[in-house]
Amino acid sequence: MTMKNPQLIKIIAQFSIYLEENNLRKTTERIMILEEIYSRNDHFDAEELYMDFQNRNQLISRATIYNTLDLLSDSGFIRRNQFGTNKTRYEKASNFRQHDHLICLDCNKISEFCDPRLQQIQQTVSSIMEFEIQSHDLLLFGKCRKENCENKKIKQN
Ligand SMILES: [Zn+2]
Ligand SMILES: [Zn+2]
């Protein structure tokens, strides 16, 4: 048994409470998926997550992966984003600093930034528009300045 960090223990506890309150079963698979997501820092899709379990011989069915991802996003434990494509990507959400994303249109790299001024804009807009904002989704599209940015000079026919 490996040592789990305190943040992970807390998240598992919160998720367990959520499952219990909603009369959902606390299965090993659900907890394994939550742990995996909270041990990574990327923006992954369901298929990548499925393959990572496969590659470690931890056999979790595709259906379980998809269902659990839905469950985790509906309950707010993970954040879901399309990043301007039709592919849904996920990342951990709880206890995680608020951030927004930059997406390179050439290499598809997703970077994160955090600017507290967005919070102020939100508050101002909220009071002017008399609108209670629950979340926001800001995606900045462009071109990264990486030397080795893939597809940079390739023109599509
Ligand atoms: Zn790039
Ligand atoms: Zn992110």
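For ligands, and for the atoms within them, numbers begin at 1 and follow the listed sequence.
A perpendicular orientation is assigned to the rings of His99 and His101, their planes being inclined by more than 60° (bins at 30° and 60°).
Legend: residues meeting side chain to side chain contact (heavy atoms under 4.5 Å, CB included) with Asn23, ordered by chain and number and at least two apart, are absent.
Residues Ile60 and Thr68 fail the side-chain proximity criterion, which asks for heavy atoms closer than 4.5 Å.
With respect to the Zn ion (ligand 2), Glu112 has OE2 as its nearest N, O or S atom. Taking the Zn ion (ligand 2) as reference, the nearest N/O/S atom within His43 carries the name NE2.
To the nearest 0.5 Å, atom CZ of residue Arg40 and atom CG of residue Leu49 are 6.0 Å apart. Rounded to the nearest 0.5 angstrom, Met51 CE and Arg62 CZ are separated by 7.5 Å. Rounded to the nearest 0.5 Å, atoms CG (Asn55) and OH (Tyr50) are 10.0 Å apart.
One finds no salt bridge joining Arg80 and Asp137 here, because no Lys/Arg side-chain nitrogen approaches an Asp/Glu carboxylate oxygen to under 4.0 Å. Remark: Lys87 does not engage Glu47 in a salt bridge, criterion side-chain N to carboxylate O under 4.0 Å.
Counting only protein N, O or S atoms, 4 lie closer than 2.8 Å to the Zn ion (ligand 1).
Among the atoms of Glu91, an N, O or S atom falls under 2.8 Å from the Zn ion (ligand 2).
To the nearest 10 degrees, the Zn ion (ligand 2) sees NE2 of His99 and NE2 of His101 at an angle of 100°.
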